[in-house]
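Below is one structure; the comments refer to it alone.
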Amino acid sequence: MAGRRTKPEVNRRTWHENKVKAARTPKEVLWALCHWLVAEAFHAGPDHLQATTDLVRARIAELTEARKEATR
């Protein structure tokens with residue numbers, strides 16, 4: 001049983017795990033995981049939120065470049 005200090009984290013993890021399990025398509029799984037990532041970054045603090053934002057932007061750039069390469 002989680003103590004008072006850890007209960008919100010446990011509840012949040014359980015909620016997000018259930019959302020991922022309930023996802024019916026790969027796209028829904030991705031959305032659920034992205035939502036979880038944003039929530040964890042937010043709760044970890046502004047430095048982690050900014051680092052996560054930068055990570056996502058970099059990955060978007062990589063995927064965009066990969067799509068451009070594939071169409072050439």
Would you compute the distance between atom OG1 of Thr14 and atom NZ of Lys21 and round it to the nearest 0.5 angstrom?
8.5 Å
Minimum heavy-atom distance Arg12-Ala39, with the two atoms named:
CD-CB, 4.2 Å
Please step through side-chain contact (heavy atoms from CB on, under 4.5 Å) for the pair His16 and His35, ending with a clear verdict.
CA-CA 8 Å; His16 285 290; His35 187 249; 3.1 Å; yes
Tell me every residue that passes side-chain hydrogen bond (donor to acceptor under 3.5 Å, both in side chains) with Glu17, counting only those two or more places apart in sequence or in another chain.
none
Which atom pairs, one a donor and one an acceptor, fall under 3.5 Å between side chains of residues 44-53 and the rest of the protein, sequence neighbours left out?
residue, atom, partner, partner atom, Å
Gln50, NE2, Asp54, OD1, 2.9
Thr52, OG1, His48, O, 2.8
Thr53, OG1, Leu49, O, 2.8

Once you round to the nearest 0.5 Å, how far does CZ of Arg67 lie from CZ of Arg72?
13.5 Å
With Trp31, which residues qualify under side-chain contact (heavy atoms from CB on, under 4.5 Å), at least two apart?
Lys27
Going by the rule side-chain contact (heavy atoms from CB on, under 4.5 Å), which residues pair with Glu62 if we only count those two or more places apart in sequence or in a different chain?
Arg59
Validation row: Val10, Arg13 side chains within 4.5 angstrom (heavy atoms):
yes
In chain order, what residues pass the side-chain contact (heavy atoms from CB on, under 4.5 Å) check against Leu33, with sequence neighbours excluded?
Val20, Val29, Trp36
Side-chain hydrophobic cluster, 4.5 Å single linkage: members besides Ile60:
Leu37, Val56
